[in-house]
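Structure first, then comments.
Note on naming: letters A, B, ... go to the chains in the order of the sequence lines (proteins, then strands), and numbering restarts at 1 for each one.
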Amino acid sequence: MTALHRAFYARDPREVAPELLNKLLEHDGRSGRIVEVEAYVGRQDPASHAYRGPTKRNATMFGPPGHLYVYLSYGMHWCANVTCGDGLAVLLRALSPVAGIEAMRAARSAASRDRDLASGPGKLTQALGITGVLDGADLVEPDRGVCLVSDGTPPPDVVVRTPRIGITAAAEHEWRFYVPGDPNVSRPLIPRVRP
DNA sequence: CCGCCGATCTTT
DNA sequence: AAGATCGGCGGG
């Protein structure tokens, strides 16, 4: 494990998550700036895939940190996480497109505006061409064409924090983080509570 | 703009 | 049977 991997290792994903904001995710000539993430706190988090311990699906979450955990959501959308070791992970929820935008438009025919290209966890994998074959890829010392880098832009001084989207268990925790004012964020506001 | 609903398939 | 989602459709 390198020093860069150690930046993720066994660290609380609630700390790692805001630090990932403004980093770049690159794949296949396309890249986007990370503008929205959520922390999943492993065995102690009922909303995490790792809550019940290691399984075939979540094996990558229990592998080395700084790797990509990809899973199929609702039978049709791929979602991507950065692993932090020991079942801990950060879900990548939205990107601001930076390079390869034409390729993203081609991959995202449903997007009528560029702000819809990667404004959700399933959309961003589609925009970058990330699928389950990349599950387990090393993001720090890239081995399969997908990587996480910084272009020197630090995380924002102020980060918006809200409850996580689309979960029912442990919904009370504010473990979603996003860049204020960014038009690519999946849902700018705090999700409404159903009566 | 907002809310509802179906698609699709893996996991429990 | 539910799920870390998305997009099309209808209504306001």
Could you state the atom-to-atom distance from [atom1] of [X] to [atom2] of [N] in whole Å?
X	N	atom1	atom2	value
A/Arg113	C/dG7	CZ	P	11 Å
A/Tyr69	B/dT10	OH	P	14 Å
A/Arg187	C/dG7	CZ	P	14 Å
A/Arg93	C/dA4	CZ	P	11 Å
A/Tyr51	C/dG3	OH	C1'	16 Å
A/His77	B/dT10	NE2	C1'	14 Å
A/Leu88	C/dA4	CG	P	17 Å
A/Asp116	B/dC1	CG	C1'	13 Å

By the 4.0 Å heavy-atom rule, please label [X] as base, sugar-phosphate, or nothing.
X	value
A/Ala47	base
A/Lys123	sugar-phosphate
A/Ile167	sugar-phosphate

Ignoring hydrogens and angles, tell me if any N or O in the side chain of A/Glu38 forms a donor-acceptor pair with the backbone of A/Ile165 under 3.5 Å.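 Side chain of A/Glu38 to backbone of A/Ile165: a pair is present.
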Do the side chain of A/Thr131 and the main chain of A/Trp78 share a donor and acceptor less than 3.5 angstrom apart?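 Not at all, since once roles are kept as given, no pair shorter than 3.5 Å links the two residues.
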Picking from A/Val37, A/Leu91, A/Leu88, what satisfies side-chain contact (heavy atoms from CB on, under 4.5 Å) with A/Asn81?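 It is A/Leu91, the one option of A/Val37, A/Leu91, A/Leu88 that forms the side-chain contact (heavy atoms from CB on, under 4.5 Å) with A/Asn81.
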Would you mind telling me which of A/Leu92, A/Leu25, A/Asp28 makes a side-chain contact (heavy atoms from CB on, under 4.5 Å) with A/Ile130?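 Going through A/Leu92, A/Leu25, A/Asp28 one by one, the side-chain contact (heavy atoms from CB on, under 4.5 Å) with A/Ile130 is satisfied by A/Leu25 alone.
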Can you tell me if A/Asp135 and A/Thr60 form a side-chain donor-acceptor pair at under 3.5 Å?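 A/Thr60 and A/Asp135 do have a side-chain donor-acceptor pair below 3.5 Å.
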Spatial distance of atom CG (A/Leu20) from atom SG (A/Cys84) [nearest 0.5 Å]: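 Here the rounded value is 7.5 Å.
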Among [options], which nucleotide sits nearest the side chain of [X]?
X	options	value
A/Arg57	B/dT11, C/dG7, C/dA4	B/dT11
A/Met76	B/dT8, B/dT12, C/dT5	B/dT8
A/Arg108	C/dA4, C/dC6, B/dT12	C/dC6
A/Thr168	C/dC6, C/dG3, C/dA4	C/dG3
A/Ser73	C/dT5, C/dG7, B/dT12	C/dT5
A/Tyr74	C/dC6, C/dA4, C/dG3	C/dG3
A/Leu72	B/dT10, C/dC6, C/dA4	B/dT10

Respond yes when some side-chain nitrogen or oxygen of A/His49 is under 4.0 Å from OP1 or OP2 of B/dT11, and no when none is.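 False: A/His49 side-chain N/O out of range (4.0 Å or more) of B/dT11 OP1/OP2.
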With DNA chain C as reference, determine whether A/Gly166 or A/Gln126 sits nearer its 5' end, using the nearest nucleotide of each.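 Of the two residues, A/Gly166 wins.
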First encountered from the 5' end of DNA chain C, between A/Ala110 and A/Val90: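 So the residue in question is A/Val90.
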Scan every strand shown for a Watson-Crick or G-U wobble partner of B/dC5, both distances under 3.5 Å, and answer none if you come up empty.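 The base-pairing partner of B/dC5, which may sit in any strand shown, is C/dG7.
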Between the base of C/dA4 and the side chain of A/Tyr71, is there any donor-acceptor pair under 3.5 Å?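 Donor-acceptor pair under 3.5 Å: yes.
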